[in-house]
Amino acid sequence: MRRSVSEQKAINLVATLSTEQLLDQWEATSAMTDLEAPILRGWFMDELEKRFPDQFDKWLDSDCRDEDLRKFIFA
């Protein structure tokens, strides 16, 4: 899948966020109803999975809510 230049810039920006900032942004988007929210959340999830594959998989396999992802990352 080919990404637009704007999309790639946004993904690159997400990659520069600290883990704390990334999780803050993830949590901030959980209540968003904008049409773009799922796209943003996808970018955040992709970056978190890249950085913390084991913790991310454990979170996905759990019955925990979105807000609990931070607990898995910093466990």
Side-chain angles (χ1 to χ4, degrees):
M1 180 174 133
R2 187 140 173 93
R3 294 187 169 123
S4 70
V5 172
S6 298
E7 184 178 13
Q8 191 58 56
K9 284 182 180 181
I11 292 168
N12 292 344
L13 177 62
V14 167
T16 67
L17 298 175
S18 70
T19 299
E20 189 72 30
Q21 291 170 320
L22 191 55
L23 288 166
D24 288 345
Q25 292 302 311
W26 164 255
E27 291 165 357
T29 60
S30 65
M32 284 178 61
T33 57
D34 299 33
L35 294 176
E36 295 83 12
I39 295 168
L40 291 171
R41 290 175 66 78
W43 294 339
F44 300 145
M45 287 174 58
D46 289 346
E47 184 62 27
L48 287 164
E49 183 179 25
K50 188 185 319 175
R51 294 182 193 185
F52 306 98
D54 295 337
Q55 296 94 322
F56 189 83
D57 285 345
K58 286 178 187 174
W59 171 73
L60 281 179
D61 291 340
S62 75
D63 289 330
C64 293
R65 301 178 336 189
D66 290 355
E67 300 80 34
D68 295 324
L69 179 54
R70 184 181 299 265
K71 295 175 191 171
F72 284 82
I73 300 298
F74 291 116

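Positions are given from 1, in the same order as the sequence printed here.
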**Item:** Greater than 12 external heavy atoms within 6.0 Å of Leu13's CG
**Value:** yes

**Message:** Tell me which pairs pass side chain to side chain donor-acceptor pair (under 3.5 Å) where either residue lies in residues 63-75, with sequence neighbours left out.
**Reply:** Glu20-Arg70, Asp24-Arg70, Glu27-Arg70, Arg41-Asp66, Arg65-Glu67, Asp68-Lys71

**Item:** Co-members of Leu60 in a cluster of I, L, V, M, F, W and Y side chains, linked at under 4.5 Å
**Value:** Ile11, Val14, Leu17, Leu22, Leu23, Trp26, Met32, Ile39, Leu40, Trp43, Phe44, Met45, Leu48, Phe52, Phe56, Trp59, Leu69, Phe72, Ile73, Phe74

**Request:** Not counting sequence neighbours, which residues clear side chain to side chain donor-acceptor pair (under 3.5 Å) with Ser30? List them please.
**Result:** none

**Request:** Can you run down the ring-ring contact (aromatic ring centres under 6.0 Å, His included) pairs that involve residues 2-22, sequence neighbours left out, and say none if there aren't any?
**Result:** none

**Item:** Value rounded to 0.5 Å, distance of CD in Glu47 from NZ in Lys50
**Value:** 4.5 Å

**Prompt:** So, the side chain of Arg3 versus the backbone of Lys9: is there a donor-acceptor pair under 3.5 Å, distance only?
**Reply:** no

**Item:** With sequence neighbours excluded, residues passing side chain to side chain donor-acceptor pair (under 3.5 Å) with Ser18
**Value:** Gln21

**Asked** Can you name the side chain to side chain contact (heavy atoms under 4.5 Å, CB included) partners of Ser4, sequence neighbours left out?
**Response** Ser6, Glu7

